[in-house]
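Single-structure report; data block below.
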Amino acid sequence: MWQTNAVALRARTASQRSGHRPLLAHYEAMLVDSPYFPDELEALPGLLAGAGFEPDALVATHADYDHLLGRLAFPGLALGLGEPSVVRLHQEPGAAQRELRDRDAELYVERPAPLALGQVQGLPVPGSIELGSEELELHPADGHTSDGMAVMARWCGVLCAGDYLSNVEIPMVEAGLGDYRATLARLAPLVEAAETVVPGHGAPHTRDVALRILDEDVDYLDALERGEERPKLPAGRDTREQRRIHAENLERLR
Ligand SMILES: [Zn+2]
């Protein structure tokens with residue numbers, strides 16, 4: 001459902017960067033965003049451990065409820081959020097939990113425990129955080145929502161874009177059209193420097209595919225700004241559901 005992506009990243013611990021070659025490599029790992037369904041969340045720790053990823057930290061690209069579920073898989077870890085997301089959580093207390101409850105009710109999803117965000121850790125955006133001996137860049141990505149960040153793991157060529165650059169979803173402009181445009185402009189050089197771009201929903205993309213989607217999204221925003229009722233939507237995204245999202249975008253701009 002929604003083709004939701006969670007991304008695990010890892011890097012060698014700082015002490016292992018130089019000096020002698022260790023017998024066993026030690027890594028720090030981080031989970032970006034989260035899967036949705038209880039069985040996915042339950043399977044995640046074992047699945048990741050089997051691939052050599054044992055998360056020490058959780059982050060979410062933005063404060064929409066479908067991205068905040070990491071602690072349901074790793075209840076012992078704190079959730080890191082960009083400062084704008086922390087502000088949003090304070091402005092809308094309980095909203096994420098309420099929306100998750102409503103969506104679960106609609107989908108008949110039963111969870112062993114409700115969502116508890118615990119101690120949320122605010123991260124600087126723009127800024128960077130350490131993962132082992134490497135650095136994760138945090139770039140502002142607002143416009144879809146009032147908060148949002150893109151996470152760039154430059155050393156391994158991975159860009160976690162949050163809810164941008166999706167091949168299955170047109171831009172959902174819930175905050176500002178100008179902010180959305182500025183985010184796409186900010187993402188462009190990051191995409192150029194990435195090998196793999198992972199949107200919040202849809203398939204991970206190669207650089208070239210992500211650049212094509214970015215162009216399509218700019219064209220879509222132009223049509224939205226002109227107030228077109230029936231714009232040409234990009235191939236693969238011209239569906240009834242995307243037309244409904246377009247109608248919502250138009251409504252919000254009026
Ligand atoms: Zn999302």
Side-chain angles (χ1 to χ4, degrees), residues 1-9 30-38 40-41 44 58-73 79-82 84-89 91-92 94-107 109 111 115 117 120 123 125 138-152 158-176 179-180 183-184 186-187 191 196-205 210 213-214 216-217 220-221 234 236-237 239 241-242 244-246 248-249 252:
M1 189 188 70
W2 296 330
Q3 299 198 38
T4 296
N5 292 315
V7 181
L9 297 164
M30 177 179 282
L31 181 71
V32 182
D33 290 338
S34 58
Y36 185 84
F37 289 105
E40 297 171 327
L41 289 158
L44 189 62
L58 308 170
V59 300
T61 55
H62 58 298
D64 278 356
Y65 66 98
D66 55 321
H67 296 256
L68 295 176
L69 310 186
R71 288 187 79 251
L72 294 177
L79 177 65
L81 288 170
S85 297
V86 176
V87 169
R88 183 179 155 199
L89 284 181
Q91 283 169 346
E92 314 167 349
Q97 287 89 340
R98 248 185 338 267
E99 282 170 33
L100 180 67
R101 250 192 343 259
D102 290 348
R103 183 65 73 175
D104 282 348
E106 189 184 314
L107 298 169
V109 172
R111 294 185 190 273
L115 175 63
L117 294 176
V120 166
L123 306 173
V125 183
L138 309 178
H139 297 272
D142 50 335
H144 163 52
T145 53
S146 63
D147 60 332
M149 65 178 180
V151 179
M152 177 74 170
V158 173
L159 173 64
C160 304
D163 281 357
Y164 298 89
L165 305 180
S166 169
N167 59 309
V168 293
E169 202 168 73
I170 62 168
M172 293 175 79
V173 188
E174 293 174 17
D179 294 336
Y180 204 111
T183 288
L184 290 184
R186 218 177 290 119
L187 288 176
V191 173
T196 305
V197 177
V198 189
H201 305 276
H205 314 304
I213 292 171
L214 198 149
E216 292 172 350
D217 286 355
Y220 169 73
L221 294 179
R237 292 189 275 173
T239 62
E241 174 64 7
Q242 300 309 302
R244 188 190 64 74
I245 291 171
H246 173 60
E248 282 183 358
N249 284 339
R252 274 189 293 260

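Note that ligands are numbered from 1 as they come in the structure, with each ligand's atoms numbered from 1 the same way. We use all heavy atoms of the structure for the numbers below, so side chains are in, but hydrogens, waters and symmetry mates are not.
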If you consider just the N/O/S atoms, which atom of [X] is the closest one to the Zn ion (ligand 1)?
| X | result |
| --- | --- |
| Asp66 | OD2 |
| His67 | NE2 |
| Asp163 | OD2 |

Exercise. Answer yes when Glu99 and Arg103 have at least one side-chain N-carboxylate O distance shorter than 4.0 Å, and no when they do not.
Key: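 No.
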Quiz item: Taking NZ, NE, NH1 and NH2 as the nitrogens, is one of them in Asp142 or Arg88 under 4.0 Å from a carboxylate oxygen of the other?
Solution: no
Quiz item: Is it true that some N/O/S atom of His62, main chain or side chain, lies under 2.8 Å from the Zn ion (ligand 1)?
Solution: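 So His62 does not bind the Zn ion (ligand 1) by this criterion.
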Quiz item: Going by heavy atoms in the side chains, are Leu115 and Arg101 under 4.5 Å from each other?
Solution: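 A side-chain contact under 4.5 Å is absent here.
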Quiz item: Minimum heavy-atom separation for Leu68 to Ala60, with atom names?
Solution: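 Where Leu68 meets Ala60 most closely, the heavy atoms are CD2-CB, 3.9 Å.
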